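Remember, it's a predicted structure, so these values are computed and weren't measured experimentally. Starting from 1, each residue takes its place in the sequence as its number.
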Amino acid sequence: MAGTHQLEAVFKSFCSFGAGKDEALMDSTKCSKLFRDLKLYGKNLTETDVDIAFNKVKAKTERKINFKQFQELLKVVAEQYKSDKRLDEGDDALKALIEDISFRQTPAQIPGASAGTDRVVGTSKYTVTS
């Protein structure tokens, strides 16, 4: 697959989000967060579609998927993504989806992602009266 290294980096960053450690497995909630944060949902590709695809690719007894299963999930939802983005018939839907994911910013790279802590510890917003 094209852009595999960038795609895997985005996958791992969303797996680790909120975990406090490097995580290599993604649960359904983090998968939905990835699609939502990267603005991949549309009229034809919905959160329900991604949840159904997630359950198709994961093992029956597992709650999380690995990177290889995530790639399979992308294959399952690629056609719905293609119709949302109005790609031409000759365009490869899977390739377009992977490029959209690979070249978007991960949670750690999004400017202002730490805005919540700035509000708490930032002193620039306080006024001092003498």
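- Between the Ser13 side chain and the Val10 main chain, a donor and an acceptor come within less than 3.5 Å of each other.
- Ring orientation note: the planes of Phe35 and Phe70 are nearly perpendicular, at an angle over 60° on the 30°/60° scale.
- We find the CZ-NZ distance between Phe11 and Lys68 to be 13.0 Å, quoted to the nearest 0.5 Å.
- We find the CZ-CD distance between Phe54 and Glu47 to be 12.5 Å, quoted to the nearest 0.5 Å.
- With sequence neighbours left out, the side chain to side chain donor-acceptor pair (under 3.5 Å) criterion links Asn55 to no other residue.
- Using a 4.0 Å cut-off between charged nitrogen and carboxylate oxygen, Glu8 and Lys12 count as a salt-bridge pair.
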Could you list the donor-acceptor pairs under 3.5 angstrom formed by side chains in residues 57-65, with sequence neighbours left out?
residue	atom	partner	partner atom	Å
Lys58	NZ	Glu62	O	3.1

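- Counting heavy atoms from C-beta on, the side chains of Leu74 and Leu7 come closer than 4.5 Å.
- Partners of Asp49 according to the side chain to side chain donor-acceptor pair (under 3.5 Å) rule, which considers only residues two or more places apart in sequence or in another chain, are Thr46, Gln80.
- Using a 4.5 Å heavy-atom threshold, the side chains of Leu73 and Gln69 count as separate.
- Expressed to the nearest 0.5 Å, how far CE of Met26 lies from CZ of Phe14 amounts to 7.5 Å.
- Listed here is the closest heavy atom pair of Lys33 and Phe17: CE-CE2, 3.1 Å.
- Atom CG of Leu25 and atom SG of Cys15 lie 6.5 Å apart (nearest 0.5 Å).
- Atoms CG and OG1, from Leu34 and Thr29 in turn, are 12.5 Å apart once rounded to the nearest 0.5 Å.
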